[in-house]
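Read the structure below first, then the notes.
Any value given below was found using the heavy atoms of this structure, including those in side chains, with hydrogens, waters and symmetry copies removed. Throughout, a chain's letter reflects where its sequence line sits, starting with A, and its residues are numbered from 1. Fair warning: this is a prediction, and the values are worked out from it, not measured in the lab.
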Protein chains: 2
Amino acid sequence: MTKFSTRPLYLQLHDALTERVASGQWKPGPIANEGNLAREFGVSLGTVRKALDLMEAERLVTRRPGRGTFVNDQTAHDLSSRFCNIRTVDGRPVERQFRVDKTEETRANDVERERLGLGENDRVYRIRRLRMDGDRPLMVEDFSLPTALFLDIPDTIPDIVVLAQQNGMVLGKAAERITLEVAAPAVSKPLSVPDNSVVLVLDQVIHTLLGRRAIWRMGYCHLGHEYTYLAEMS
Amino acid sequence: MTKFSTRPLYLQLHDALTERVASGQWKPGPIANEGNLAREFGVSLGTVRKALDLMEAERLVTRRPGRGTFVNDQTAHDLSSRFCNIRTVDGRPVERQFRVDKTEETRANDVERERLGLGENDRVYRIRRLRMDGDRPLMVEDFSLPTALFLDIPDTIPDIVVLAQQNGMVLGKAAERITLEVAAPAVSKPLSVPDNSVVLVLDQVIHTLLGRRAIWRMGYCHLGHEYTYLAEMS
DNA sequence: CCAGATTTGTTCGTATGTATC
DNA sequence: CGATACATACGAACAAATCTG
């Protein structure tokens, strides 16, 4: 590996390999073994191992003794549902389907600039849609996506994980702030709950694996008695 | 390190070192350097390093180049507040103070046995108290603690992290399920909110670092406009 | 400010164990 | 059983951060 930077080799390698996945050069499935990667990049086996261990912790790959190292399918249900903590009471992740997409492209407002770390003249796509659990309305979602990162927005919006993938990004960490609000009609109607219902407001920012703020989403969700919000801490 | 088990050496070492902290043999502050630990346990430097790296990820120790490895003070504010995701709107963790403790010792009921993984005749301590942010009531908490793990329950209950420490345990991961409920008088009164207020119900199970379920807590919290719940996901 | 000692961080190499095919 | 690939463990060398005198 050419040494232009003083940054640790295994981190540079991590970024290079992550880029191969993000760009689509490496698709879900097996990749070269540790020894071949070490030769290809001119680093030691331990360095390759450290980079791959990191990527496994980030859920980008899975390593299996005797089998090999595999790029994960980010669109698999358990991976793409990790940015929504809502579960049915028996712990099952919700089925995701979407309705009523509405998209516009405009200059970012103050909140969008603050949440996404944008500049004065940066622009965003705004998407409003209804997230369904099967045939039951679950959450009204308002997305803001920087046009600088999302070049290609199709007419019908797929899951955000897929949308990120189509734009050469892999999603990493996210943080979500929860508050309570009385639902406005624009929320209670699509959710088909009474006008004065109290709903969870989920203010979420999602970063890419390389640390860029890529998605801001406001979610409005009436848990009812069928759903819970599941948080883990350590 | 004597090899009685087929379990990886670095995991055995991890447990041994964790036990030194849990038992109080190692108090917050510097510990022996990697080389000395390797000699003491008869393992290689890399094995010590792997065990300590794991313990750092678990936030049990902090490692600093040129300085050494330090046992963390689990009662420090940033560490003991990690099991409560409630923040003020400006992101500050809440000040924790407690009121109105009420303790009883009794046989575990069905829910307690299920949440804590207890047997038919196991017993628990039940503690109800009011968590304050400064002088403002924040959350009504109902704790259930297995008597098998908590031998020594003082009259005035300190923070659960301290209570665990006094009983030779270090807390690790926790999971929390959130639902919404209309506050019962037993909740709305101490919180001094109206009777029909909707509150967050926080159903939390905390594990020790060695993986035992140690604490079940039901929390009842009225966020209001001053507080938010902060969740992270990856 | 520098020189040297100490400690963790990174990188290399090698050998052996374990899981899978 | 043998071949392959990841997992563990050891050892050694140098780099980078920190502290001391």
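- Judged by distance alone, with hydrogens and angles left aside, the side-chain atoms of B/E176 form no donor-acceptor pair with the main-chain N or O of B/V205 at under 3.5 Å.
- Judged by the 6.0 Å distance and 45° axis criteria, B/R64 is positioned over the aromatic ring of B/F70.
- A salt bridge does not link A/D203 to A/R217: none of the charged nitrogens lies less than 4.0 Å from a carboxylate oxygen.
- Here the CD-CG distance, from B/E58 to B/L171, works out to 12.5 Å after rounding to the nearest 0.5 Å.
- Annotation for A/R136: atom CZ does not count as buried by contact number, only 12 or fewer foreign heavy atoms lying within 6.0 Å.
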message = I need a per-nucleotide contact map over nucleotides 2-14 of chain D, read 5' to 3'. Cutoff is protein heavy atoms under 4.0 Å; write B for the base, S for backbone only, - otherwise.
response = ---BSBBSBS---
